[in-house]
Amino acid sequence: MSRIGKQPVALPDGVSATLSGQTIEIKGPKDAKSFTATDDVTITIEDGIIKVTPRGKSKRARQQWGMTRTVIANMVHGAKDNFRQELEIRGVGYRAAVQGNVLRLNLGYSHDVDFAIPDGVTVTAPKQTELVIEGTDKQLVGQVAANIRDWRRPEPYKGKGIRYKGEYIFQKEGKKK
């Protein structure tokens, strides 16, 4: 049984949910989103609590059970609060600056990297070596952070590159003479 799928999703104050068939729509002060679940699960709303149950005992039904519950929980959280991802930039001369809807990264290449910030996400640079990515869609915030990090992943010898805040990079020992 899915340990995640068994847990109900509580609706906080200011967030409402409507169900029509297999489509659930979540509205809140920050955002309004909808999600269409597969026919393998049943969604019910009772007294401000959303419950997801599988329709069978097949492997696909059990997979969809936990995934659907997690997507709904993320939509409820995003309707009330923003998701946040922080990145650190380490390296001599590495820096970032936000100019309008473009993130300009100087990462040691012969050219600056211009990253177009997608709609639904805000990227701020409180310092030249820090980035804060915020938005109401958890998947989109994580994907934007991963795309930015892919421009210069942290390398294991000096630790230079873009990393998640608090991420530990295992440092390798260099050549021995």
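Predicted, not measured: the structure shown is a model, and the values here were computed from it.
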Return yes when atom [atom1] of [X] has more than 12 non-hydrogen atoms of other residues, nucleotides or ligands closer than 6.0 Å, and no otherwise.
X: N101; atom1: CG; result: yes
X: Q99; atom1: CD; result: yes
X: K51; atom1: NZ; result: no

Let me see the working for D150 and I148 under side chain to side chain contact (heavy atoms under 4.5 Å, CB included), right down to the final yes or no.
CA-CA 5 Å; D150 277 343; I148 293 170; over 6 Å; no

Can you tell me how far the CG atom of N106 sits from the CD1 atom of I89, to the nearest 0.5 Å?
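One gets 9.5 Å once the value is rounded to the nearest 0.5 Å.
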
Under 4.0 Å between a side-chain nitrogen and a carboxylate oxygen: does that hold for E167 and K165?
no

With a 4.0 Å cut-off on N to O distance, would you call E155 and R153 a salt bridge?
no

Compare every heavy atom of D13 with every heavy atom of K80, then report the nearest pair and how far apart it is.
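Nearest pair, atom of K80 first, then D13: NZ-O, 3.0 Å.
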
[X] and [Y]: same hydrophobic cluster, using ILVMFWY side-chain contacts below 4.5 Å?
X: M75; Y: M67; result: yes
X: L105; Y: V121; result: yes
X: Y94; Y: V132; result: no

Evaluate the side chain to side chain contact (heavy atoms under 4.5 Å, CB included) criterion for residues I169 and R163: first the C-alpha distance (whole Å), next the side-chain angles of each, then the deciding distance (0.1 Å), finally the verdict.
CA-CA 9 Å; I169 304 298; R163 64 176 75 191; 3.7 Å; yes

Which donor-acceptor pairs under 3.5 Å do side chains of residues 15-28 form with protein atoms, sequence neighbours excluded?
| unit_1 | atom_1 | unit_2 | atom_2 | d |
| --- | --- | --- | --- | --- |
| Q22 | OE1 | R55 | NH2 | 3.4 |
| Q22 | NE2 | T38 | O | 2.5 |
| Q22 | NE2 | V41 | O | 2.9 |
| T23 | OG1 | T36 | OG1 | 3.1 |

With side chain to side chain contact (heavy atoms under 4.5 Å, CB included) as the criterion, how do V144 and F115 come out once you've worked through the C-alpha distance, each side chain's angles and the decisive distance to 0.1 Å?
CA-CA 10 Å; V144 168; F115 181 81; 3.9 Å; yes

Could you list the residues that satisfy salt bridge (charged side-chain N to carboxylate O under 4.0 Å, His left out) with D47, not counting sequence neighbours?
none

Classify the angle between the aromatic ring planes of W151 and Y109 as parallel (below 30°), tilted (30 to 60°) or perpendicular (above 60°).
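If you compare the ring of W151 with that of Y109, the planes turn out perpendicular.
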
Would Q171 and Y157 count as a side chain to side chain contact (heavy atoms under 4.5 Å, CB included) here? Give the steps.
CA-CA 6 Å; Q171 297 276 317; Y157 293 100; 6.0 Å; no

